[in-house]
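The sequence lines fix the lettering, A, B, ..., with proteins before strands; numbering per chain opens at 1.
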Amino acid sequence: MKSGTASIPPAHAAILGVIRAIPRGKVTSYGEIARRAGLPRHARLVGRLLGDYSALKLPWQRVLRADGRIAFARGSAAFREQRMRLIEEGVAVANGRVDLGRFGWQRDLDEQLWRMA
DNA sequence: TCCTTGACCATTA
DNA sequence: ATAATGGCCAAGG
């Protein structure tokens, strides 16, 4: 057959996999996800996919802009929902922004290394 | 093909 | 800290 199944392209799968790997209570950026997926400079694709694959119930609330700010407009419903979901899992959101120094994914590594020393 | 559209990003002013 | 700018790149029309 001509692959009638609109299977998920490898690039998409890689990105979705990274998104699913973000620990609860932690956040990361569109660009970082792209890099981890082996697709540097594809931050915009990450955002596109979050919307396209919304049916997969991904932890989209853990994805923020590179500076820690929520990508949606301040007054939008999406903005409020993301803020709520983050707070719900213990991530502090002040002025639509999350302190990546405290909740940024990968910061966990430093934490572990710290504990080891 | 060409053109437009983004849940982006880094730099500069 | 905020805003403009140029760059980025997959999708869709």
Side-chain angles (χ1 to χ4, degrees):
Chain A
M1 66 179 121
K2 181 171 163 278
S3 123
T5 61
S7 61
I8 300 178
H12 293 196
I15 288 173
L16 296 182
V18 173
I19 292 172
R20 276 193 266 249
I22 307 170
R24 183 187 170 77
K26 288 294 178 180
V27 300
T28 191
S29 70
Y30 297 89
E32 178 58 28
I33 289 171
R35 281 192 292 278
R36 282 205 186 210
L39 295 167
R41 291 183 295 297
H42 283 66
R44 303 191 96 129
L45 178 59
V46 174
R48 164 185 281 275
L49 298 188
L50 277 172
D52 290 349
Y53 293 99
S54 60
L56 299 184
K57 300 186 196 93
L58 302 162
W60 59 272
Q61 70 272 22
R62 299 175 194 153
V63 187
L64 308 170
R65 286 188 180 162
D67 61 2
R69 307 231 310 147
I70 287 177
F72 300 106
R74 290 297 294 272
S76 70
F79 177 95
R80 289 193 298 277
E81 162 122 37
Q82 184 162 20
R83 175 176 123 283
M84 176 202 74
R85 282 173 171 247
L86 284 171
I87 292 175
E88 192 174 15
E89 59 180 68
V91 177
V93 183
N95 283 315
R97 177 192 302 155
V98 170
D99 182 346
L100 297 181
R102 291 197 301 162
F103 304 101
W105 188 22
Q106 177 106 49
R107 282 281 177 181
D108 296 333
L109 281 181
D110 301 73
E111 207 175 298
Q112 309 245 329
L113 294 176
W114 235 263
R115 200 173 347 237
M116 272 195 331

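At C/dC9, none of the side-chain N or O atoms of A/R44 fall inside 4.0 Å of OP1 or OP2 (strictly under the cut-off). Between A/S29 and B/dC8 there is no side-chain polar atom (N or O) within less than 4.0 angstrom of OP1 or OP2. At the phosphate of C/dA11, OP1 or OP2 sits under 4.0 Å from a side-chain N or O atom of A/H12. In this structure, A/H42 does not reach the C/dC8 phosphate: none of its side-chain N or O atoms is under 4.0 Å from OP1 or OP2.
Rounded to whole Å, the distance from CG on A/L49 to C1' on B/dC8 is 13 Å. Between the CZ atom of A/R41 and the C1' atom of B/dG6 there is a distance of 18 Å, rounded to whole Å. Between A/I15 atom CD1 and C/dC9 atom C1' there is a gap of 11 Å when expressed in whole angstrom units. One atom, CD of A/E32, and another, C1' of B/dA10, lie 15 Å apart when rounded to the nearest Å.
Nucleic acid contact class of A/L45 (heavy atoms, under 4.0 Å, all strands): sugar-phosphate only. Residue contacts for A/R69: at a heavy-atom cut-off of 4.0 Å it reaches no nucleic acid atom on any strand shown.
For the pair A/L45 and A/I15, the minimum side-chain heavy-atom distance is below 4.5 Å.
In terms of hydrophobic clustering, with Ile, Leu, Val, Met, Phe, Trp and Tyr side chains grouped at heavy-atom distances under 4.5 Å, A/I87 and A/V27 are assigned to a common cluster.
In this structure, A/R36 pairs ionically with A/E32, as a charged nitrogen and a carboxylate oxygen lie closer than 4.0 Å.
A donor-acceptor pair shorter than 3.5 Å can be found between the side chains of A/H12 and A/Y53.
Closest approach to the A/R48 side chain among C/dA10, B/dC9, B/dA7 is made by C/dA10 (side chain taken as heavy atoms from C-beta onward).
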